[in-house]
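Data block below; observations after.
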Amino acid sequence: MNLLQRPRRNRKHPAIRAFVRETTLGPEHFIYPLFIHAGDDDEPIASMPGCARLSRKGLLAEVEAARAVGVNLVALFPAVAEALKTSDGREAWNPNGLIPETIKALKDRWPDLVIVTDVALDPYNSDGHDGIVAPDGRILNDETVEALCAQALCQAHAGADIVAPSDMMDGRVQALREALDGEGFTDASILAYTAKYASAFYGPFRDALDSAPKSGDKKTYQMDPANAREALREAELDEVEGADILMVKPAGPYLDILAALRRASNLPLAAYQVSGEYAMLKAASERGWLDEKRVVLESLLGIRRAGADVIFTYFARQAAEWLTGARK
């Protein structure tokens with residue numbers, strides 16, 4: 001064949017493939033979501049093999065192991081005792097609550113650890129919603145935003161580096177920015193869950209925190225999976241309101257949204273490889289249907305290639321071990 005262009009010439013040798021590689025993946029690209037509870041023992045999560053509700057001791061051990069392979073960003077998600085849950089979620093801003101006390105313990109041990117906190121009421125809300133529920137079942141936007149500001153301030157006072165509103169209430173990014181700045185937390189970053197879809201992939205996460213809605217669903221505040229242009233509108237609003245980082249959640253089924261936001265914004269982008277994505281890869285791998293290492297790293301590389309600067313993934317420690325050679 002008389003071909004002037006033969007793209008395979010750039011694939012013929014590992015050294016050549018390395019220097020033409022367009023996307024890189026390393027431990028620095030991961031945020032490690034960790035579930036915590038107030039108990040003395042770690043509690044395995046059946047729907048998320050390899051994950052657990054961690055005790056204080058278990059959390060410290062897991063963070064130490066993650067840092068050893070280069071993962072220095074963690075996100076904390078609390079499993080709150082049912083007795084502490086109320087309709088207004090006031091435990092969310094208890095300065096002596098599980099999250100503030102855990103932040104302090106982690107910062108005392110590792111001052112340079114970057115801690116991301118979830119800003120939403122569902123772990124604390126007796127109704128299981130991200131916001132305050134009215135008697136008629138509506139999720140109250142403005143009243144919820146006021147509560148979220150109290151929650152974020154509590155987390156910032158404890159030492160959180162990044163607050164991440166996952167609630168999808170209107171106007172919450174600006175309100176949080178003003179509240180944080182008003183109390184001197186100008187360095188606290190806001191990672192906005194910009195395009196958080198009303199997805200069926202969250203099931204195992206809700207099992208982990210027992211945070212499923214007691215009635216109704218989350219479709220009046222989380223986005224319709226059918227919509228793409230709406231994500232651009234949400235991104236524009238979050239950027240104007242003062243977000244430092246934008247997020248797409250879930251990641252895998254919404255790579256088109258991630259790519260669209262990458263084209264539309266110059267802000268850093270995060271993507272969340274959610275519990276359902278994790279559970280699927282784990283289950284198929286445990287059955288021998290997939291090669292776990294290869295599919296996990298490929299899935300994470302695909303999320304990076306679509307535009308994510310950082311990825312929330314339950315595979316963070318495991319993937320970092322593979323990438324650094326600590327695990328074969």
Result for side-chain contact (heavy atoms from CB on, under 4.5 Å) between Glu91 and one of Ile99, Leu84, Leu121 points to Leu84
Would you check if there is a donor-acceptor pair between the side chains of Glu277 and Ser299 at a distance under 3.5 Å? no
Anything under 30° is parallel, anything over 60° is perpendicular, the rest tilted; go ahead and classify Tyr314 against Phe35. parallel
Ser55-Asp41 side chain donor-acceptor pair, cut-off 3.5 Å: no
Do Tyr278 and Val296 have side chains that approach each other closer than 4.5 Å (heavy atoms only, starting at C-beta)? no
Output the distance between atom CG (Leu25) and atom CD1 (Ile311), rounded to the nearest 0.5 Å. 6.0 Å
Could you tell me whether the side chains of Asp181 and Thr186 share a donor-acceptor contact shorter than 3.5 Å? no
Arg229 atom CZ, over 12 foreign heavy atoms within 6.0 Å: no
Name each donor-acceptor pair under 3.5 Å that joins a side chain in residues 244-254 to protein atoms two or more places apart or in another chain, with its distance.
from, atom 1, to, atom 2, distance (Å)
Asp244, OD2, Ile190, N, 2.8

How about Phe30 and Phe312: are their ring centroids closer than 6.0 Å? no
Passing candidate, side-chain contact (heavy atoms from CB on, under 4.5 Å) with Ile103, options Ile115, Leu113, Asp161: Ile115
Who else is in Ile16's hydrophobic cluster (ILVMFWY, side-chain heavy atoms under 4.5 Å, direct or via others)? Phe19, Val20
